[in-house]
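Some notes on the structure that comes next.
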Amino acid sequence: MTCPSASPADVEPPDQVRADGAPAEARPRRAAPAEAPEPGGTVPGTRPPWTFLTNHGHVLLAVTRSRDARVSEIAAQVGISGRATLSILKDLESAGYLSRQRNGRRSHYTVDGHRPFRHPTVAAHEIGELLAVLAPAEDGGEGVVP
């Protein structure tokens with residue numbers, strides 16, 4: 001019996017004989033892998049499905065780089081929806097990592113770089129240490145307000 005979805009070119013001919021003398025059924029050929037995965041399980045040239053920073057971290061970086069950025073601009077930069085961006089901005093503001101000041105229809109954000117990391121293993125460090133590395137003022141970022 002052959003595989004119903006396989007074409008004749010995709011099927012290996014039987015190379016064994018059954019006990020009754022009839023040829024064994026043909027098996028579908030296996031497709032050769034495109035490229036061997038790297039040690040982390042990813043294919044070369046592709047990115048893994050995870051990142052080191054959460055969306056909260058990416059939004060905070062975007063605000064650090066441009067304190068007057070619109071929600072839609074932050075969302076596009078991070079790769080999330082505007083609604084998710086608003087929710088994250090609210091989280092960061094309520095936790096004290098940033099403050100928002102309305103200027104007409106726009107918002108101006110101020111980042112507090114002296115807030116500690118939330119995870120206990122790095123809580124002795126301030127968030128400004130990370131932001132200074134990933135969004136330094138000399139690279140066009142507006143920097144962190146002390």
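Position 1 is the first residue of the sequence; numbering continues from there.
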Might you point out which heavy atoms bring [X] and [Y] nearest each other, and give the distance in Å?
| X | Y | answer |
| --- | --- | --- |
| Asp112 | Ile127 | O-CG2, 3.6 Å |
| Ser107 | Arg102 | OG-NH1, 3.1 Å |
| His108 | Asn103 | CB-ND2, 3.5 Å |
| Thr64 | Ala135 | CG2-CB, 3.9 Å |
| Gly82 | Val71 | O-CG1, 3.7 Å |
| Ala62 | Gln77 | CB-OE1, 3.6 Å |

Rounded to the nearest 0.5 Å, what separates atom [atom1] in [X] from atom [atom2] in [Y]?
| X | Y | atom1 | atom2 | answer |
| --- | --- | --- | --- | --- |
| Gln101 | Asp68 | CD | CG | 10.0 Å |
| Ser87 | Arg83 | OG | CZ | 10.0 Å |
| Ile74 | Leu89 | CD1 | CG | 5.0 Å |
| Glu93 | Ile88 | CD | CD1 | 14.0 Å |
| Phe117 | Glu126 | CZ | CD | 9.5 Å |

With a cut-off of 6.0 Å (strictly less than), are more than 12 heavy atoms of other residues, nucleotides or ligands near CZ of Arg118?
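Open.
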Contact between [X] and [Y] at the side-chain level, heavy atoms closer than 4.5 Å - yes or no?
| X | Y | answer |
| --- | --- | --- |
| His56 | Asp91 | yes |
| Leu98 | Thr110 | no |
| Leu53 | Leu134 | yes |

Kindly say whether [Y] contributes a backbone atom to a donor-acceptor pair with the side chain of [X] at under 3.5 angstrom?
| X | Y | value |
| --- | --- | --- |
| Thr85 | Ser81 | yes |
| Tyr97 | Pro116 | yes |
| Ser66 | Val63 | no |

List the steps, then state whether salt bridge (Lys or Arg N to Asp or Glu O under 4.0 Å) holds for Arg70 with Glu73.
CA-CA 5 Å; Arg70 293 184 173 105; Glu73 295 167 346; 3.6 Å; yes
With Arg100 as the cation and Tyr109 as the aromatic partner, state whether NZ or CZ is under 6.0 Å from the six-membered ring centre and within 45° of the axis.
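So Arg100 doesn't make the cation-pi contact.
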Side chain to side chain contact (heavy atoms under 4.5 Å, CB included) assessment of Val59 paired with Ile80:
CA-CA 10 Å; Val59 167; Ile80 58 177; 4.1 Å; yes
